[in-house]
Asks: 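Once you've had a glance at the structure underneath, I'll fire off some questions.
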2 protein chains.
Amino acid sequence: MMNLSTVKAAASGQRRSLALDRRETGGGAPGLAIRFAQDAQIYGDGDENGSFYKVVAGVVRTCKFRIGGRRQIDAFHLPGEFFGFDAGDRHSLSAEAVCDCAVVSYRWRAFKSDGEIDDRLAAQFFFHAMQNLRRAQDHALLLGHYSAAQKVAAFLIDMASRASFDEFIDLAMARHDIADYLGLTMETVSRTLSNLERAAIIARPTTRRIRITNEQALRRISS
Amino acid sequence: MMNLSTVKAAASGQRRSLALDRRETGGGAPGLAIRFAQDAQIYGDGDENGSFYKVVAGVVRTCKFRIGGRRQIDAFHLPGEFFGFDAGDRHSLSAEAVCDCAVVSYRWRAFKSDGEIDDRLAAQFFFHAMQNLRRAQDHALLLGHYSAAQKVAAFLIDMASRASFDEFIDLAMARHDIADYLGLTMETVSRTLSNLERAAIIARPTTRRIRITNEQALRRISS
DNA sequence: CGTGTAGTTGAGATGCGTCAATAGTTGTGG
DNA sequence: CCACAACTATTGACGCATCTCAACTACACG
């Protein structure tokens with residue numbers, strides 16, 4: 001049985017280390033593993049909202065397209081993170097593979113067979129939905145009135161904190177993706193990164209690999 | 001008992017017309033009614049995340065303050081809407097009364113007394129949390145790369161669709177609030193409204209009352 | 001009637017977008 | 001291994017939308 005205290009525990013960040021896959025749920029709530037090639041669409045804006053997903057490998061972007069070809073990226077989802085929690089019976093965003101990636105999908109329907117559900121599962125997906133809510137709020141804050149430098153600095157700090165390695169950040173996404181995420185143009189992102197490198201705050205071994213050499217300065221800029 | 005199908009039903013927008021108050025829950029999950037004067041704080045960023053809320057009368061803003069006095073408004077909450085769903089054990093935003101208003105608070109703890117919960121209640125608050133997620137996503141989209149005119153037009157359309165009257169919109173919030181919500185300055189909001197009035201798309205009987213006289217044009221601008 | 005707050009309007013400064021050219025990177029095929 | 005093409009990223013010049021600073025107006029309230 002699920003009860004509200006478990007949901008609240010999840011909402012409160014008292015995350016239990018559970019994994020929503022067949023192994024750990026004893027076969028009761030299986031997830032279906034799927035692979036997607038770079039730029040493949042996982043689901044589209046308006047598609048039936050039948051599943052939510054967990055990133056196993058690679059990076060996924062959830063985004064919306066506007067008339068005029070403009071695109072706003074809502075979020076990047078890294079390995080271990082969940083996405084696809086949309087209100088309504090249709091997805092309100094599209095999800096695409098930023099690079100080749102593997103995800104596990106969980107059909108909502110799969111949980112309701114006999115009307116009862118392990119409260120650990122319910123708590124877990126609620127936790128992830130709330131996590132996404134928080135990210136969306138932070139993102140809106142960022143897009144509000146931050147300068148280009150602040151946006152890029154905050155983005156780098158965020159990616160560094162979510163990445164597995166501390167040494168450097170390997171950006172799976174193109175400059176264009178970063179720009180659409182930050183509400184900037186590709187050119188401005190590129191210029192800003194160049195400025196940061198010139199100021200010796202970051203180093204760029206390759207175009208998509210970034211090492212933060214002066215974290216304090218970066219944090220100062222992002223605030 | 002709560003089960004996932006009910007949660008999913010809520011997530012899918014199959015909203016049941018329930019009210020989370022004492023009357024309709026038979027006293028099992030009471031909400032506490034509270035009044036707040038204009039600009040009073042309902043909870044602060046960092047406060048213990050012990051309750052969520054429903055607006056009964058007035059308008060509530062959830063926002064975040066930045067060093068330098070800058071403020072980003074995350075959302076306005078109108079009568080009937082819920083707010084205060086924050087991930088973590090602390091609120092990540094502040095909530096303030098835009099005007100004198102009345103809210104009902106629901107303590108998370110109040111639901112867990114005997115470990116069981118009416119599934120209608122769980123489904124309902126999950127629905128509202130997802131609703132807030134969607135609003136945050138739309139807001140981020142808006143802040144992304146919309147022009148000032150598009151932002152203001154979209155704001156007016158949104159407020160009109162959420163307001164109870166069709167005749168006109170009574171804005172409870174100051175220009176400054178609108179600006180902080182749209183990521184603009186007060187001056188730009190004011191100028192944009194003046195432009196819309198000059199173009200005969202809106203009329204302003206008083207400064208805070210707006211009548212949309214050419215909805216089609218407004219929608220065209222907002223897209 | 002005076003004072004304070006909210007809103008409007010104007011003029012100038014500037015940060016970012018746009019357009020355009022250049023450079024670097026990746027992949028393919030000879 | 002090199003040559004070429006296609007794509008991705010960087011850099012530059014310029015224009016414009018919005019911010020900033022400032023003056024003025026409207027309105028509410030004592």
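Proteins come first, then strands; the chains are lettered A, B, ... in the order of their sequence lines, and each starts at number 1.
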Asks: Could you check how far CE of Met173(B) sits from P of dA6(C), rounded to whole Å?
Replies: 15 Å
Asks: Restricting both atoms to N or O, compile the protein contacts to nucleotides 21-28 of chain D shorter than 3.5 Å, with distance only.
Replies:
from: dC21(D); atom 1: N4; to: Glu187(B); atom 2: OE2; distance (Å): 3.1

Asks: Tell me the salt bridge (Lys or Arg N to Asp or Glu O under 4.0 Å) pairs involving residues 168-184 of chain B, sequence neighbours left out?
Replies: Arg61(B)-Asp177(B), Arg71(B)-Asp177(B), Arg71(B)-Asp180(B), Asp170(B)-Arg209(B)
Asks: Could you list all the salt bridge (Lys or Arg N to Asp or Glu O under 4.0 Å) pairs where at least one residue sits in residues 190-200 of chain B, not counting sequence neighbours?
Replies: Glu197(B)-Arg204(B)
Asks: What is the distance, to the nearest angstrom, from the CD atom on Gln38(A) to the C1' atom on dC7(D)?
Replies: 11 Å
Asks: Measure from CG on Leu193(B) to P on dG7(C) and round the result to the nearest Å.
Replies: 11 Å
Asks: Give the nucleotide from the list dA6(C), dC16(C), dT9(C) with an atom nearest to the side chain of Ser194(B).
Replies: dT9(C)
Asks: Ignoring hydrogens and angles, write down the donor-acceptor pairs under 3.5 Å from the side chains of residues 216-223 of chain A, residues two or more places apart or on other chains.
Replies:
from: Arg219(A); atom 1: NE; to: Glu215(A); atom 2: OE2; distance (Å): 2.9
from: Arg219(A); atom 1: NH2; to: Glu215(A); atom 2: OE2; distance (Å): 2.9
from: Ser222(A); atom 1: OG; to: Arg219(A); atom 2: O; distance (Å): 3.0
from: Ser223(A); atom 1: OG; to: Arg220(A); atom 2: O; distance (Å): 2.9

Asks: Which residues satisfy the ring-ring contact (aromatic ring centres under 6.0 Å, His included) test with Tyr181(B), sequence neighbours excluded?
Replies: Phe76(B), His139(B), Phe155(B)
Asks: Taking only residues at least two apart or on different chains, which pairs with a member in residues 141-150 of chain B satisfy salt bridge (Lys or Arg N to Asp or Glu O under 4.0 Å)?
Replies: none
Asks: Look at Thr188(B) and dC19(D) and indicate whether a side-chain polar atom (N or O) is within less than 4.0 Å of OP1 or OP2.
Replies: yes
Asks: Identify, with sequence neighbours excluded, every residue that meets salt bridge (Lys or Arg N to Asp or Glu O under 4.0 Å) alongside Arg211(B).
Replies: Glu167(B)
Asks: Which pair of non-hydrogen atoms, one from Val60(B) and one from Val98(B), has the smallest distance, and what is that distance?
Replies: C-CG2, 4.0 Å
Asks: Taking five pairs at each end of the helix from dC1(C)-dG30(D) to dG30(C)-dC1(D), what angle separates the two helix axes (nearest 10°)?
Replies: 40°
Asks: Within this structure, what is the CG-to-P distance between Asn195(A) and dT10(D), rounded to whole angstrom?
Replies: 12 Å
Asks: Nearest whole angstrom, please: distance from the C1' of dT8(C) to the CD1 of Ile210(B).
Replies: 14 Å
Asks: Tell me which nucleotide among dT8(C), dC16(C), dT10(D) gets nearest to the side chain of Arg204(B).
Replies: dT8(C)
Asks: Shortest non-hydrogen contact from Pro79(B) to Gly58(B)?
Replies: CD-O, 3.2 Å
Asks: Could you tell me which residues satisfy side-chain hydrogen bond (donor to acceptor under 3.5 Å, both in side chains) with Thr192(A), sequence neighbours excluded, listed by chain and number?
Replies: none
Asks: Using a 4.0 Å heavy-atom cut-off, does Thr206(A) contact any base of the nucleic acid, only the sugar-phosphate backbone, or nothing at all?
Replies: nothing
Asks: So if I take residues 174-186 of chain B and measure heavy-atom distances to DNA chain C, which residues fall below 4.0 Å?
Replies: Ala174(B), Arg175(B), Met186(B)
Asks: Tell me the interatomic distance from Glu197(A), atom CD, to dG24(C), atom P, rounded to whole angstroms.
Replies: 13 Å
Asks: Going by ring-ring contact (aromatic ring centres under 6.0 Å, His included), name the residues that satisfy it together with Phe85(A), two or more places apart in sequence or in a different chain.
Replies: Phe52(A)
Asks: Quick one: ring-ring contact (aromatic ring centres under 6.0 Å, His included) partners of Tyr43(B), sequence neighbours excluded?
Replies: Tyr53(B), His91(B)
Asks: Show the nearest heavy-atom pair for residues Ile169(B) and Ile212(B), with the distance to one decimal.
Replies: CD1-CD1, 4.0 Å
Asks: Looking across every strand, which nucleic acid part, if any, lies under 4.0 Å from Arg70(B) by heavy atom: base, sugar-phosphate, or nothing?
Replies: sugar-phosphate
Asks: Using heavy-atom distances to pick each residue's nearest nucleotide on DNA chain C, tell me which of Arg208(B) and Ala149(A) is more 5'.
Replies: Arg208(B)
Asks: In whole angstrom, give the distance that lies between atom CG of Leu171(A) and atom P of dT10(D).
Replies: 11 Å
Asks: Nearest whole angstrom, please: distance from the P of dC16(C) to the OH of Tyr146(A).
Replies: 14 Å
